[in-house]
Amino acid sequence: MAEKMTGAEMVIQALADQGVEHIFGYPGGAALPIYDAMFQQEQVKHILVRHEQGATHMAEGYARSTGKPGVVLVTSGPGATNAVTGLTDALMDSIPLVCITAQVPTSLIGTDGFQECDTVGITRSCTKHNYLVKDIKDLPRVLHEAFHIATTGRPGPVVVDIPKDIQFALGDYYKPEIETLRHASYRPQVDGDLKAIEAAVDLMLRAERPVFYTGGGVINAGPEASENLRELAELTGFPVTSTLMGLGAFPASNSQWLGMLGMHGTYEANWAMHDCDVMINIGARFDDRITGRIDAFSPNSRKIHVDIDPSSINKIIRVDIPIVGDCNRVLEEMIRVWRSRTNQPRTEAIAPWWKQIEKWRSVGSLNFKNSETTIKPQWAIQRLYEATRNQSKDVFITTEVGQHQMWAAQHFHFDKPNRWMTSGGLGTMGYGLPAAVGVQVAHPDALVIDIAGEASVQMTMQEMSTAVQYRLPIKIFILNNERMGMVRQWQDLLHGSRYAHSYSESLPDFVKLAEAYGGKGIRCENPAELDAAIAEMLDYDGPVLFDVIVEKDENCLPMIPSGKPHNEIILPDTANLGSIIDEKGRALV
Amino acid sequence: MNAHMQPTGSAYFLTQETQQTERHTLSVLVDNEPGILARVVGLFSARGYNIESLTVSETEHGRRLSRITVVVVATPKVLVQIKLQLERLVPVHRVHDLTAEGNYVERELALIKVKGTGEHRAETLRLADAFRAHIVDATVESFVFEVTGKPDKIDSFIALMGPLGLVEVVRTGLAAIGRGPEGM
C-alpha cells in the first residue's frame, strides 16, 4: 500500500517498519528535514551523541549486544567524514550498521557546496555497500535494501546518502518484499555444501589431535550458533579456542576451553593450533594476529574452514575442506552428520592429546607477579571479574584498544555470546566508551563496563556527556599507567626502549573530569582498597569514571612476537624483551 | 601442507608467492548503476591487484546490465581472490574467468594515425591491407586506420607503423566472450 509522504518521513517510517527503536545521531543543516520528521513521532528514539564517531561505535555496541542492526544518522560533510572510522571498524568486524548521511541538495552536488563531501566516494571502500539517492522513487526500496544487505550474509555497514531536496520531495512510500528487492546479484550462500560437511565430519572422526578454532562468525550467526557449538564440542570432546571476536561463543568455564589464541593468546591455545592434526575453523578468518608467521602456521594439520564469505577461504591459509555457509546452519548439519556416524565422543583416541594440552596448560601462561604496593592491571581485571560474578545483573564488557584490551580478553571470562564488545580488526582506540553507551541503551538494566586505558578513553571522552544526558549508568574502568602501554611495549621489543611519544603527559584529573560531566569519579591506587572501590563503582546508579592507577611498565604476555610462529611464544617470565625480535621483524606491525 | 611456501620472515604480509603470474581475462556482469566502475576499480587499487586492460559498457539496456571485461596479471592464488572479491560487490552478478574456462574469443579495436608521403605512404597502405585495417580518415599526408583483432595483432601493426610515420594510437581495450551457444 503506497502512502504519500516526504523523503524525510519515509526515512522515519522505514526505520519504524524495520523495528528500529533507537538511532544514534547528530543534526546539521542538510539533515534537518529528517530531524523535523523525527520530532513529530515517538516510535524511533534518538540518542544525541557528541561526535559522529561516537554514534557509529554506539551503534556497533548496540548491534553486537543485540544481534539487531545499529542505526546512525548524521549530516553531510563533516558529519559523514567523522563517521568513517566507525564504518571501517564495523566493516572489519562484520557488524550490521545502517548509516543515513544527509547530503547537500542534488543541484549543489559537485559544486564544492558548504558541508559537501563525496560521501559515497569516501565510504565506498569502508562499507559493504552504499547508495546516493537522487530520486524520491528509489528511496523506499533503498532504505529497506540497506537493512537487508547490512544484516544478511556477512554483516557490515551500509550507507544511504540522502540529499536535502530528496528529503523534502513527496513520493509514494511502500515496504518492498525482500524477494522484490532489485539486487538479484546479492544472494549470500547460507547452507553449507552437504558433501563438504560430511567430508569434514569424517576427517574429525579420524582426528587424533583436533582443535576447534572459532571466531566472530559464530557470534554473528546468532545465539543458536553458540548453543550448537557447545553441543558439537560436547559430542566430539575436542578442545576449543577462539579469536578475540569470538569470545563468549563457548563458555570460558567449560573444561574444553583453552582460552583465546593469537598474539596474546594462551600458551595451550597456540601450541594446540601449532601441533594439531585437524583444525576446525568456524567463523574466523585467519587474521594475521592469529596466524603469526604463516609459512610456519600449524604445519601438520588438515584444515576445515567454515565461513559465510567465500573470499575468506584460501585468502591467507590454504585449507583442505572449505565450507561456505552460515555458521549456525553448518554447525547444525555437522551435529546431525556426527550423530549419524557415532554416539561417542572421541575421548579415548584423543586422550594423549588432552594430556599434552594439560601439560601446556600447567605452564600457567597468564600468570603474573602480583604486588602489594601497586595495582597490577591483570589483577585489577580479575578483581573486577570476581565482583561482577556476584551481580544479579547481566554483565556486558566493552574495551578500548591496547594492553588493557588484551588483559581483559585474558582475565575476564565470558560464558555467553554478545557480552563482549571490542574493536578487533581495525583496532580503534576510543571504541569502548561509546560502545558501552550503545550497549546500555539496548540493555538499560544491565551492568555495562568499558575496560579502558587512559590514552584510548580520551579519544571519545566526550560521550561521557551522552551517558549523563540519557542517564546511562555505564562504568568506565580505566587502567591508568600513564603510558600508551602497548606502544611502549613494542618500543621495548623493537626500538631499544626509546619511548617516542608513548607516555601520557598532562593527564586530566579523571575524578574531577567525571564530576564536570555530571558523573561520578573514583580513584584507587592501593591494592588493598581496590575491592571496596570496585564495589562503590558498581553500587553507584549513574555513569562512573574509575581511575585505577596501575603498574606503569607491565608487559602484556604471553606474546607471539612479529615474524615468529606459534611455538615461539614468549612467556611471562621472559626477562629481556629487547633481544627477541630480529631485524626483519622490526618492519612489522 | 604449507611446505611449498617460502619463509618471508614476516608474520603480517602474505607469504611470498612462488607461483608465476598469469594473464587472465575476466568477464564481469554487473548492474549498470552509478559508481559501479569506481567500485570495481577501487577494489583493484585497494587490494593491490593489477589491471592490464578494462572495457566497460552497458550490454542489456532493458535490464540495465553492463559487461566489464578486465585483463589482470596475477598468480593463480590471487586470481581466485580477485574473482571472489569481485563477486562480493553487491551489484556484481557473476564473474567468469574466461582464460581458466578456456574457450573464448577476444577482440580489440584501435584507431591509428600515420603521417607520411611518397614511398612510405604506399608501404603503409600495403601493410594496412595485409592487416585488414580500414581507412576511416585520410588527408594528402595522413591516414587514420581502424584495425580490430587480438591485442597482439594490433601490437604488430602498431610496431610496423612506427618507422612509417606513426603519430598516435587509441585502443578500446579488450572485449571477450565465450564460444558456443551458452551465455554468461
Side-chain angles (χ1 to χ4, degrees), chain A residues 118 120-121 124-132 134 145 149 153-154 156 158 182-188 263 287-303 309-320 324 560-565 582-585 587-589, chain B residues 1-19 28-49 60 63-68 75-95 184:
Chain A
D118 176 13
V120 283
R124 198 172 281 129
S125 61
C126 64
T127 52
K128 185 173 172 186
H129 195 52
N130 64 11
Y131 302 86
L132 168 60
K134 290 176 111 171
E145 202 171 89
I149 289 173
R154 180 174 178 177
V158 177
R182 187 189 42 129
H183 274 303
S185 54
Y186 178 74
R187 292 180 306 268
M263 185 174 267
D287 176 75
D288 56 54
R289 301 287 108 161
I290 297 305
T291 58
R293 178 168 162 170
I294 61 173
D295 58 325
F297 175 73
S298 193
N300 301 310
S301 63
R302 308 261 284 164
K303 298 175 185 74
D309 179 358
S311 74
S312 287
I313 308 251
N314 290 332
K315 182 171 71 174
I316 294 163
I317 298 292
R318 264 164 239 264
V319 297
D320 301 276
V324 175
I560 301 172
S562 321
K564 302 281 185 183
D582 57 15
E583 205 53 48
K584 274 183 184 167
L588 309 174
V589 288
Chain B
M1 184 151 313
N2 298 317
H4 63 282
M5 295 185 180
Q6 295 292 310
T8 59
S10 157
Y12 308 117
F13 299 106
L14 294 183
T15 308
Q16 207 168 32
E17 284 287 344
T18 51
Q19 293 164 303
V28 189
L29 187 67
V30 300
D31 281 325
N32 182 18
E33 59 177 34
I36 179 61
L37 187 58
R39 273 182 220 288
V40 170
V41 174
L43 172 76
F44 277 78
S45 72
R47 294 192 183 265
Y49 308 143
E60 287 182 61
R63 293 168 62 204
R64 296 187 54 73
L65 290 175
S66 283
R67 193 84 76 99
I68 297 174
T75 61
K77 184 183 167 188
V78 172
L79 281 165
V80 173
Q81 266 293 304
I82 293 175
K83 180 173 184 292
L84 293 172
Q85 292 291 350
L86 281 169
E87 283 174 342
R88 246 178 122 195
L89 298 176
V90 170
V92 170
H93 288 254
R94 276 187 291 289
V95 182
M184 189 174 159

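It should be emphasised that the depicted structure is a prediction, and the values quoted were computed from it without experimental measurement. So you know, we letter chains A, B, ... as the sequences are listed, proteins then strands, and number each from 1.
A distance of 10.5 Å separates CZ of Arg124(A) from CG of Leu89(B), quoted to the nearest 0.5 Å. Arg94(B) contributes atom CZ, which lies 10.0 Å from atom OG of Ser185(A) (distance to the nearest 0.5 angstrom). Interatomic distance, Arg39(B) CZ to Asn130(A) CG, rounded to the nearest 0.5 Å: 4.5 Å.
Contact of Gln85(B) with chain A is made through backbone and side chain together, with heavy-atom distances under 4.5 Å. When heavy atoms are compared at a cutoff of 4.5 Å, Ala46(B) does not approach chain A at all. The contact between Ile313(A) and chain B is made entirely by backbone atoms, counting heavy-atom distances below 4.5 Å.
Lys77(B) and Asn314(A) make their closest contact through CE-O, 3.6 Å (heavy atoms, listed as atom of the first residue, atom of the second, distance).
Judged as a side chain to side chain contact (heavy atoms under 4.5 Å, CB included), and not counting sequence neighbours, the contacts of Asp309(A) are Arg154(A), Asp307(A), Ser311(A), Ser312(A), Arg88(B).
Proximity of Leu132(A) to Pro34(B): side-chain heavy atoms (C-beta onward) are nowhere separated by under 4.5 Å.
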